[in-house]
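Each remark here refers to the structure printed beneath this line.
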Amino acid sequence: MTVLQPVRKTPHFADTQIEMAHGAGGIASRRLVEGLIGSYLSNPILQTFADAATISVNGSNVATTADGFVVKPLRFPGGSIGELAVNGTLNDLAVSAAKPIALMATLILEAGLPTSTLESEVEAMAIAARKAGVCIVGGDTKVVEHGKADGMYVSTFGIGLVDGRVRIDAASIQPGDRILLSGPIGAHGITILLARGELDLQADLVSDTRPVWPFVSALMDRCASGVRWMRDPTRGGVATSLNELVRGTAYGVALYEDCVPMHDAVRGACELLGLDPLHIANEGQFLAVVAAEHADAALAAVRGVAGGEEAILIGEVRAEPKQRVIGINGYGGTRVIDMLVGDPLPRIC
Amino acid sequence: MKYVDEFRDAGIISGVAREIARTAKPSRLYRIMEVCGGHTHSIYRHGLRDVLPANIELVHGPGCPVCVLPTGRVDDGLAIAARENVILTCFGDMMRVPGTKGTPLELKARGADIRMVYSPLDALRIAASNPEKHVCFFAIGFETTAPSTALTILRAQELGVNNFSVFCNHVTIVPAMRAILDSPDMRIDGFVGPGHVSSITGCRPYEFIARDYGKPVVVSGFEPLDILESILLILRQLDAGEARVENQYKRIVPWEGNPPALMALARVFELRPYFEWRGLGFISQSALSIKPDFAGFDAEKLFNVPGVRVTDPRGAQCGEVLKGVLKPPQCKLFGTECNPEHPVGALMVSSEGACAAYYRYAMHASAVEA
Amino acid sequence: MCLAIPGQIVEIAEKEPLARVNVGGVTRNVNVGLLDDGAVAPGDWILIHVGFALSKIDEGQAHDQLRMLRAMGEDGLAIEEVRGYRFAEPSQ
């Protein structure tokens, strides 16, 4: 067989227009961010392309993150754009091992948006922030013409203090390290897909939107020295997050496919629509790479927090194949688990 | 999930794999074509190559509707989308297939009203709720999908939805299999036959392959156990020197097919004298068009589509790959100019296209061997 | 080609050839107009493709097939065990 060299060119952005795929969190998003944005704004902190940027201020490490929320519909089973904006921002801080200090939020509102809708979203933001013990200390409000936004968009900024006990660095992973997943995957992405109503599918399914800080905090309390890397697998799903992990390292990841938990309805929808659950977005899960000797303790720590009972070890870091994520099933069949290409589109073939 | 999980049972799969290993003679090479892209997808998705002996070579067949659709037809469909007041609807599979001026997704980004649907009936529903627009459904697929389009057209007629049409690209699998069998460089020993097509057509249409070409055909399901059992049945026929049509997928496929679906096909469609297939060229009586009785629903007649024939991209060797003459990485563009994110040929677009599937597998292989 | 998935009929509409079908907890209306009239009832399993039922799944055939394949695996193991014992025996 012809041996192919892995295609790993420096990202370069030659696309002539922006497509939906550039916002889907997969390969196209990466090319846009690294190839176009990164090439102009390049600096050592940006070049890490982490969930949050860590800046040293008078000897303290401060994590900062910015996020944008454009979900349609605004309300969906299990959550809404306001709650999502707060939890999503907090989660980017959490997986950078940062305890949140404060949030800011900018609201882009479409003329014609019912005040009651706005009010319930602001209330949702307030409740989510209060639950997490953090304040929204500022922001901005802009209004655009009717038809120029899907009701409302939310843009956020978050700041947190990095826990000094852990060092989150993809480069520190070692063969044998275990991959910990906090719970069932795909609930958010499938809930949104169904809530749009275009596919005429119904399921008893709610988004998993929630703050992951309680789990991260428990993990760090129990075995801080064993935690090497964390990520919340949002757009692009678990597959994309793990590919992002390994591409900066000399190692690969083996995923035990039969171990990956998901709700029946997520699986049913994915089978019906020909989607890979590993590419579906999550809003309340996190992935951690932990040293093998700490794996059991790490799992016990996450499972000990309410809502973390279904946490599980789904794979391990391996020396080979380098920079690849491989799925292994119950009879030893393997496949490459790639990053998401474009948007996850339902297929009939 | 019933009828899914049992057919992915690791223990039974291992047992059937051992039986295959015992049956395959080490002294010979078995070249087996899985006709359907769905089989190709399943083989890669479930890592079935890992449980098969090395002397069983799987050749990926032409049964992927988006892969065999020529660029000219994509352009024709997109020309309809570019018209005023038209909503073009299509399956998600079509959204990334490149035409000369871009993919449906790219045209949508530039403002064309192109919407993805799960069912042709969803397209009809969009037409009913947008009476001021014309809604065209870009129909693709083999005999599995064509009856759904036929029923949708009948339903549109019954409901009097007059702002709805179908751009018909339905094709039939048997002429394509015959074209491959007649290809001078054909070296295939047996076929894993189309399972879902056969739920409509039954198994009889393949009898000529066994009788005239002496090749076994096993009509097969799509789960890992189905595909492995079908491979085993082909090996047994080959070793016994037999060539028969067998039905592995009895839980779904009646030998005689689905009479109401065949009747719906006969009511709405007729065979085109010839149709162009990407890579395979023009094949006679290999596609369906809408009968004159339903001309009001036929987008080709309503819109007078350009019908320009576009040559395949320079250097792309989709045809050789489709026929199983070349393996995907032997194509000059494979993995460089043509990759899953920027496909040049359609075999790289669909996740069941031979090239997209091979791309992933080959990357894996290189990484392991490196 | 042709992604099709098994689903179980929950209920059947009275006037139209439509069935409410459950696929692993997800439900959808599926057109059963490609099947013979009265061919399916609630509780039956059908194969779904692009919102249409292509065929009614034959439970007996599925059962027979699985039993045969399971036995093949077990026979295989038994054969290998026998062979294994033979090779393991010291030659005398």
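Below, read A as the first sequence line, B as the second, and so on, with proteins coming before strands; counting in each chain starts at 1.
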For Asn55(B), look at atom CG and say whether over 12 heavy atoms of other residues, nucleotides or ligands are found less than 6.0 Å away. yes
Non-hydrogen atoms of chain B under 4.5 Å away: do they reach the side chain of Leu272(A), the backbone, both or neither? both
Testing Asp50(B), Val16(B), Leu48(B) for side chain to side chain contact (heavy atoms under 4.5 Å, CB included) with Tyr331(A), which one passes? Leu48(B)
If I take atom OG1 from residue Thr16(A) and atom CD from residue Glu106(B), how far apart are they, to the nearest 0.5 angstrom? 7.0 Å
Beyond-backbone contact of Leu273(A) with Tyr118(B), side-chain heavy atoms, under 4.5 angstrom: yes
Tell me, side chain or backbone of Val4(B) under 4.5 Å from chain A's heavy atoms, or both, or neither? side chain
Using a 6.0 Å cut-off, check whether atom NZ of Lys72(A) has over 12 heavy atoms from anything other than its own residue. no
Minimum heavy-atom separation for Ala109(B) to Ile18(A), with atom names? CB-O, 4.0 Å
Test your reading of the model: is there a side-chain donor-acceptor pair from Asn329(A) to the backbone of His46(B), 3.5 Å cut-off? yes
At a 4.5 Å cut-off on heavy atoms, which part of Tyr44(B) comes close to chain A: side chain, backbone, both, or neither? backbone
With only heavy atoms counted, which part of Ala21(A) is less than 4.5 Å from chain B, the side chain, the backbone, both or neither? neither
Interface check, chain A: of Met95(B), His342(B), Arg125(B), most non-hydrogen pairs under 4.5 Å belong to His342(B)
Less than 4.0 angstrom from a charged side-chain N to a carboxylate O is my criterion; do Asp258(A) and Arg8(B) meet it? no
Provide the closest heavy-atom pair for Met1(B) versus Arg267(A) in the form atom of the first, atom of the second, distance. N-NH1, 3.9 Å
Nearest 0.5 Å, what's the CD1-CD1 distance between Ile140(B) and Ile348(A)? 5.0 Å
If I measure from the heavy atoms of chain B, does Asp15(A) come under 4.5 Å with its side chain, its backbone, both, or neither? side chain
Identify which part of Met116(B) has an atom lying under 4.5 Å from any heavy atom of chain A, answering side chain, backbone, both or neither. side chain
Yes or no on side-chain contact (heavy atoms from CB on, under 4.5 Å) for Arg96(B) and Glu19(A), after CA distance, side-chain angles and deciding distance? CA-CA 11 Å; Arg96(B) 272 194 285 268; Glu19(A) 313 278 346; over 6 Å; no
Are there over 12 heavy-atom neighbours, none belonging to Gln17(A), within less than 6.0 Å of that residue's CD? yes
Under 4.5 Å from any heavy atom of chain B, what part of Glu198(A) do you find: side chain, backbone, both or neither? backbone
